[in-house]
Amino acid sequence: MEGIVSSVEEWLAAAGMGVAWAGVATLVLTTLLTALMAWVAYIVCHRVLVPLALKFAARTDIEWDDLLFNPHSLRAACRIVPAVVVWQLLPAVFWRTPLAQDILGRATAIYITVMAMLLGLSLVDAFKSYEYKRHAALQQYYHTFCGVLKILIAFVSVIVMVAIAIDRNPLTIIAGLGATSAILMLVFKDTIAGLVAGVRLTSNDMLHRDDWITVPQADINGIVEDITLTTVKVRNFDNTILTITPQALVDGTFQNWRGMRQGDGRRVKRMVYFDFRSIRPADEGMRAALAAKYGFKEAEMPPGVANMTLFRSYVERFLAARADVNTDMLFMVRQLEATTTGLPLEFYFFLRQKEWKPYEHHLAEIMEQVYAVVPDFGLRIYQRFSDGELPHGGGAAQG
């Protein structure tokens with residue numbers, strides 16, 4: 001290339017142009033030629049190589065090449081090519097002006113570094129979306145690690161650019177950063193804390209995307225939409241978006257409903273209080289009526305049996321007969337400790353329906369049928385009345 005430049009200068013001088021002007025004209029021509037070659041390289045890369053790469057990726061069955069050869073990353077790579085051409089031709093064009101060659105060479109190298117950084121960030125974003133689609137259990141915090149990788153790429157790129165600008169070895173600059181490590185720790189405190197918290201959540205398999213979580217202290221009750229270095233984004237069931245830090249989840253407590261959603265049933269735990277004055281032994285008439293209406297056998301109703309005992313037996317039999325109740329899991333009606341507001345019975349069982357709306361409908365249907373049969377057993381559900389209000393059928397107001 002230097003020989004071509006010298007030949008051009010000699011040709012221009014022989015044509016009658018002065019030596020100085022011949023040098024200037026040669027510099028202008030070679031600069032324009034370099035710019036033309038860089039532009040041609042960009043056009044070839046952008047108009048020929050990029051479409052070929054996209055067609056090649058589209059014809060394969062594997063997914064990673066579609067992400068590697070995505071349009072955004074390929075355009076970023078195309079911006080590097082003309083700079084590389086210029087960087088290679090600079091010594092031949094400015095071989096007589098070392099200062100200009102040095103300045104332009106450093107500027108071109110910094111530009112190449114910036115474009116390479118953008119290309120690296122683009123590739124990280126592409127592969128981050130690939131991992132998001134996979135939903136692998138061990139990759140739920142891939143956003144976190146991709147965020148760390150992007151910070152690392154940007155950090156190394158800045159170090160390289162500074163080293164190019166001051167003409168120093170990048171390793172020398174990195175070694176000198178030890179004195180500023182305390183400042184860096186302070187600046188990236190939240191990022192580092194989020195990374196550590198993310199690793200803890202991942203290693204303990206505590207949180208995934210699309211998990212339903214409840215964080216009472218933060219008024220969070222919804223589905224996890226995104227997990228990053230510093231925030232966990234949750235869409236509440238009222239469609240509000242709330243964010244919380246991974247560190248807060250690790251340091252505090254939260255409820256993850258993933259086990260319920262992956263299990264065989266969703267638990268029902270309802271408590272109903274019964275008036276003590278309605279609990280009594282079942283007389284002969286009640287036993288006969290229950291046998292006729294609910295199919296109780298004589299052996300199940302010995303003399304002196306309490307009406308609440310028969311009620312508990314009926315409800316458990318009623319639950320066992322329902323298809324929407326998972327009888328392979330624990331179900332029972334149990335009596336809890338007596339209170340001043342009545343005797344509590346707890347209805348404990350698991351429904352096969354786990355989605356919110358079907359679950360609530362089936363739960364309401366079951367409990368409504370339970371409430372409806374209570375009078376047949378001579379029982380009365382405790383209900384507090386306001387001052388001066390009498391319960392149905394007369395009697396003193398209950399306080």
Side-chain angles (χ1 to χ4, degrees), residues 1-60 64-127 150 153-154 156-167 170:
M1 185 70 177
E2 294 177 4
I4 297 176
V5 173
S6 299
S7 299
V8 172
E9 287 185 357
E10 293 175 359
W11 181 80
L12 291 175
M17 187 176 291
V19 176
W21 286 106
V24 172
T26 302
L27 180 61
V28 172
L29 289 176
T30 52
T31 301
L32 293 176
L33 179 61
T34 301
L36 178 62
M37 294 177 65
W39 180 75
V40 170
Y42 176 77
I43 293 299
V44 170
C45 182
H46 186 72
R47 299 289 179 85
V48 178
L49 298 182
V50 169
L52 289 177
L54 293 176
K55 289 181 180 179
F56 170 78
R59 291 180 179 179
T60 61
W64 64 265
D65 61 342
D66 296 327
L67 300 172
L68 181 62
F69 298 112
N70 67 86
H72 188 269
S73 298
L74 291 175
R75 283 194 295 268
C78 286
R79 289 193 287 267
I80 300 176
V81 174
V84 173
V85 173
V86 171
W87 189 60
Q88 291 293 330
L89 295 178
L90 278 177
V93 176
F94 296 94
W95 63 282
R96 288 184 175 176
T97 53
L99 180 60
Q101 177 183 334
D102 182 63
I103 294 174
L104 293 176
R106 292 187 188 186
T108 305
I110 291 175
Y111 173 82
I112 293 174
T113 304
V114 172
M115 292 299 105
M117 178 186 68
L118 296 179
L119 174 59
L121 296 178
S122 174
L123 291 175
V124 171
D125 287 335
F127 280 99
K150 291 170 72 172
I153 291 173
V156 172
S157 300
V158 170
I159 294 297
V160 171
M161 286 187 286
V162 172
I164 292 172
I166 64 177
D167 195 19

Residue list, side chain to side chain donor-acceptor pair (under 3.5 Å) with T108, at least two apart or on another chain: none
Residue pair M117, T113: steps toward the side-chain contact (heavy atoms from CB on, under 4.5 Å) verdict: CA-CA 6 Å; M117 178 186 68; T113 304; 5.7 Å; no
Heavy-atom donor-acceptor pair, S122 side chain to L118 backbone, under 3.5 Å: no
Exercise: identify the closest heavy-atom pair between C78 and P82: O-CD, 2.9 Å
Heavy-atom closest pair, residues L119 and S73: CD1-O, 3.2 Å
Nearest-0.5 Å distance that lies between atom CG in L32 and atom CG in L36: 8.5 Å
Verdict with reasoning, R106 to D167, per side-chain contact (heavy atoms from CB on, under 4.5 Å): CA-CA 9 Å; R106 292 187 188 186; D167 195 19; 3.2 Å; yes
Results of ring pair (Phe, Tyr, Trp, His ring centres under 6.0 Å) for Y42 - residues two or more places apart only: H46
